[in-house]
Participant: 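Just passing along the structure, written as structure tokens.
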Protein chains: 4
Amino acid sequence: MERRGRVRSEEARTAVLTATRDLTIGGGYAHLTIEKIAAQSGVSKATIYRWWSSKNAILAECVLEGMVLPDPGAAASDAIGIDAADWFRAVLAYIDEPDTTALLRGIVAASYEDPTIARLLYERLGAPIEARFTQWLQSANARGTVPAAVTAGAAAQVLFGSILVRLALWDDADEDATAAVFDAITTSLELGGAPAAPAP
Amino acid sequence: MERRGRVRSEEARTAVLTATRDLTIGGGYAHLTIEKIAAQSGVSKATIYRWWSSKNAILAECVLEGMVLPDPGAAASDAIGIDAADWFRAVLAYIDEPDTTALLRGIVAASYEDPTIARLLYERLGAPIEARFTQWLQSANARGTVPAAVTAGAAAQVLFGSILVRLALWDDADEDATAAVFDAITTSLELGGAPAAPAP
Amino acid sequence: MERRGRVRSEEARTAVLTATRDLTIGGGYAHLTIEKIAAQSGVSKATIYRWWSSKNAILAECVLEGMVLPDPGAAASDAIGIDAADWFRAVLAYIDEPDTTALLRGIVAASYEDPTIARLLYERLGAPIEARFTQWLQSANARGTVPAAVTAGAAAQVLFGSILVRLALWDDADEDATAAVFDAITTSLELGGAPAAPAP
Amino acid sequence: MERRGRVRSEEARTAVLTATRDLTIGGGYAHLTIEKIAAQSGVSKATIYRWWSSKNAILAECVLEGMVLPDPGAAASDAIGIDAADWFRAVLAYIDEPDTTALLRGIVAASYEDPTIARLLYERLGAPIEARFTQWLQSANARGTVPAAVTAGAAAQVLFGSILVRLALWDDADEDATAAVFDAITTSLELGGAPAAPAP
DNA sequence: ATCTAAGCGAGACGGTACGTCAAGTCTTGTT
DNA sequence: AACAAGACTTGACGTACCGTCTCGCTTAGAT
């Protein structure tokens, strides 16, 4: 007793995701419509609705598909000893790509209207950050330089928040501030109780 | 030659803003429509369009009107010596009010689609935080306890980011993490180079 | 206390009815769509749906408007003494106009799906025939030439049926038969108990 | 060289026709869809389209299959001497069966959109009537009681028209009128030039 | 006993039209 | 003037069927 009937078209699925990404980059979340996705992808509305329950569901799959965040810094993630500052700067640079900015902005906007998107976004963007910090904290802890109150979750949340702020403030974001925040964090963690190191 | 004719109805203006706030609280930004605002406020669509250019413009005026953020901590703002932790906890408590959460979420979502809203939001929410930190930093600087790299802007941005994260992650936000971040910040600023207190 | 607001556009209403008639003539009831009516009339779908509940309702209004059946033979209806055969031949000629045929066919088809249309159609097409026969029967009765069993309703129904048959059978209808039926009817009525003249 | 492969499933064919009949009875021609026929019959759409070119083709086959009109009066058709009034009353009674009414209404509606259906319908319903009248007329002619102008075709067309009118007028049809028409016809034919009995 | 050519149910697909909703504009009469 | 009421065009919504098209399974004559 096997699965019967015509199989789902992978081609159509990809076309929808690509069109969704491109339209979000081009016009923002507010101007993204199923109608346009259908037109641009060449996939019919009926088919889109067969597989996705909403605009947000498509966007969510885009995130999962890695079309949005190709695991920032994944390339270097194997080495615990990676330089944290380098890594963070790579993330910032990636986010500052115009296309990425636009796409992320759309997904973040959707996150404020749909918890599902939010969860997915944090899983793709926040969780990797958190994982990395967990590793760094472990090695730092071994050296006894980290205050007990500091958790990887808190650190990740701060960095995730920095990204949200950058996206929210459009061109007004203070880029130096973001970098300064990260420097303060890493300095205090890497270097332990150095006299400097306040958070922001 | 004076302006002739009927004057703008303050009553209508207030009704629109109130209805907009209530609808955003009730159904979120995504379900907010001019049609519903008109129906709920008893103000005609034509009148709304006469005075506001868009849904976002109304929301922006709500922010300005203080319907959203009644200057968190304004009551205590005269005293430089206010306890920073108390102040921040007041802000968090305010944001965690269900109505405030819903309304803010709507406005933040709008911010990602409209820089005007974003700017306004930061002016109301971020700037006061920044101003307060500036004061605190000045007194701390006088005591020589603050590292040069830390700016009021960066500190404000971190706190602003914390708020965005809380709103973005819905019920998944790690509340302790937010508090821990702030503790770390204030500890390091208030207490100066104490060995503890790295950012996150 | 007067009616406020913009008044209904008579222009739009007429455009819709005209477009509906033309489309029914051109493509038949089966190919008549609201979408095409909207496109051809230049009136938006929303407006159409505001005023008519369905395709059939528009068609019904076409009938009422006299766009379909401009009261067949109305011109000569003032004279009781009109020659019945002439009148019926005029009706048949009118029905045999290609445009009328197509339009009527559409409305008759709709009648079989919607009693409202049917009723309206009979009011416009059957009732006038019935009225005319009533007059003729009265003058014939005065001459004592009409059998008691014959009613105007029955006569009208037969003629109405003849029309339906003509429309239903498309090009296969036996035109001579229709005329023969009518001749038989009128002969018997006009001439009284002449030996000829059984109905069919 | 014989045809190879699986043979057409008679079971599927019957299921489609039955489902079509039942759906037409239940919801009328307007709500009849291939999709529903497929669902109700358990036959796939592909198979339906393989054997029938359209909804109307299926309906046509229903007519041919005798699912609609089991040759009204066929049982008594061998006897020329059958009482015409009895026969016609049997036909009317059959047509007045609610299921028959609904089904016929559907097929008649289709006739106005598709000449093929119309032709088939007349072959099944009109032609037998015509044949019967031909027989009656022959025996009447032998007795010299029928006016020359009356043809079997005309008589059949009148009766066919009566049926269409009954179906078209839904519950408003004047049943007595239909019977009166028939009485007039048969009386004049059976009884010859009796002074009574002109058709309507 | 295999091959091979249909027939078949399942169901995905690109379309067209549906009937609804909201956006933003315009008109009418009242305040 | 400013306003409410509300008609209007536009465009997107999500659904229902259309007719076509793979799929994998079943059936039966030809090899």
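A note on names: the letters A, B, ... follow the listed sequences, proteins ahead of strands, and every chain is numbered from 1. Hydrogens, waters and symmetry mates play no part in the numbers below; they use all other heavy atoms, side chains included.
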Participant: Send over the distance from D:H31 NE2 to F:dT15 P, rounded to a whole Å.
Facilitator: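 For the pair D:H31 NE2 and F:dT15 P, the rounded distance is 19 Å.
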
Participant: Between D:Y49 (OH) and F:dT22 (C1'), how many Å, whole number?
Facilitator: 17 Å

Participant: Round to the nearest Å and state the distance from B:I58 atom CD1 to E:dA23 atom C1'.
Facilitator: 12 Å

Participant: Taking for each residue the nucleotide of DNA chain E with the nearest heavy atom, is it C:S53 or B:K55 whose nucleotide lies nearer the 5' end?
Facilitator: C:S53

Participant: Taking CD from C:E35 and P from F:dT10, how many angstroms apart are they, rounded to a whole number?
Facilitator: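 Answer to the nearest Å: 13 Å.
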
Participant: Roughly, in whole Å, what's the span from CG in B:L32 to P in E:dG24?
Facilitator: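 It is 12 Å, rounded to the nearest whole Å.
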
Participant: Reading DNA chain F from 5' onward, which residue's closest nucleotide shows up sooner: B:A46 or D:T33?
Facilitator: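 In this pair, the answer is B:A46.
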
Participant: Here's a test for you: under side-chain contact (heavy atoms from CB on, under 4.5 Å), which of B:L167, B:V63, B:L120 qualifies with B:I107?
Facilitator: B:V63

Participant: Do the side chain of B:K36 and the main chain of B:H31 share a donor and acceptor less than 3.5 angstrom apart?
Facilitator: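 Looks like yes, one N/O pair under 3.5 Å.
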
Participant: Counting only N and O atoms by type, is there a donor-acceptor contact under 3.5 Å from the side chain of B:K55 to the main-chain atoms of B:L32?
Facilitator: yes

Participant: A cation-pi test, strictly: NZ or CZ of A:R8 under 6.0 Å from the centre of the six-membered ring of A:W51 and no more than 45 degrees from its axis. Yes or no?
Facilitator: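 A:R8 over A:W51 ring: yes.
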
Participant: Rounded to whole Å, how long is the line connecting atom CD of D:E10 with atom P of E:dC8?
Facilitator: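 Rounded to the whole Å, the gap is 10 Å.
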
Participant: Verify whether the ring centers belonging to C:Y29 and D:Y112 lie closer than 6.0 Å.
Facilitator: no

Participant: What is the per-nucleotide protein-contact pattern of nucleotides 2-7 of chain E, from the 5' end, where B denotes a base atom under 4.0 Å from a protein heavy atom, S denotes such proximity for sugar-phosphate atoms only, and - denotes neither?
Facilitator: --SBBB

Participant: Measure from CG on D:N56 to C1' on F:dC17 and round the result to the nearest Å.
Facilitator: 15 Å

Participant: Using a 4.5 Å cut-off on heavy atoms from C-beta on, say whether the side chain of D:W52 contacts that of D:L17.
Facilitator: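 Contact flag for D:L17/D:W52 side chains = yes.
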
Participant: Counting only heavy atoms and a strict 4.0 angstrom limit, can you tell me which residues of residues 36-45 of chain C come near DNA chain F?
Facilitator: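 The answer is C:G42, C:V43, C:S44.
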
Participant: Measure CD1/D:I48 against C1'/F:dT20 and give the value in whole Å, please.
Facilitator: 14 Å

Participant: My understanding is that only residues two or more places apart in sequence, or in another chain, count here; which of them pass ring-ring contact (aromatic ring centres under 6.0 Å, His included) with D:Y122?
Facilitator: D:F160

Participant: For a quick check under 3.5 Å, do B:D114 and B:T116 share a side-chain donor-acceptor pair by atom type?
Facilitator: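 Yes.
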
Participant: Keeping the roles fixed (side chain from C:T18, backbone from C:T14), state whether a donor-acceptor pair exists under 3.5 Å.
Facilitator: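 Here the side-chain-to-backbone pair exists.
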
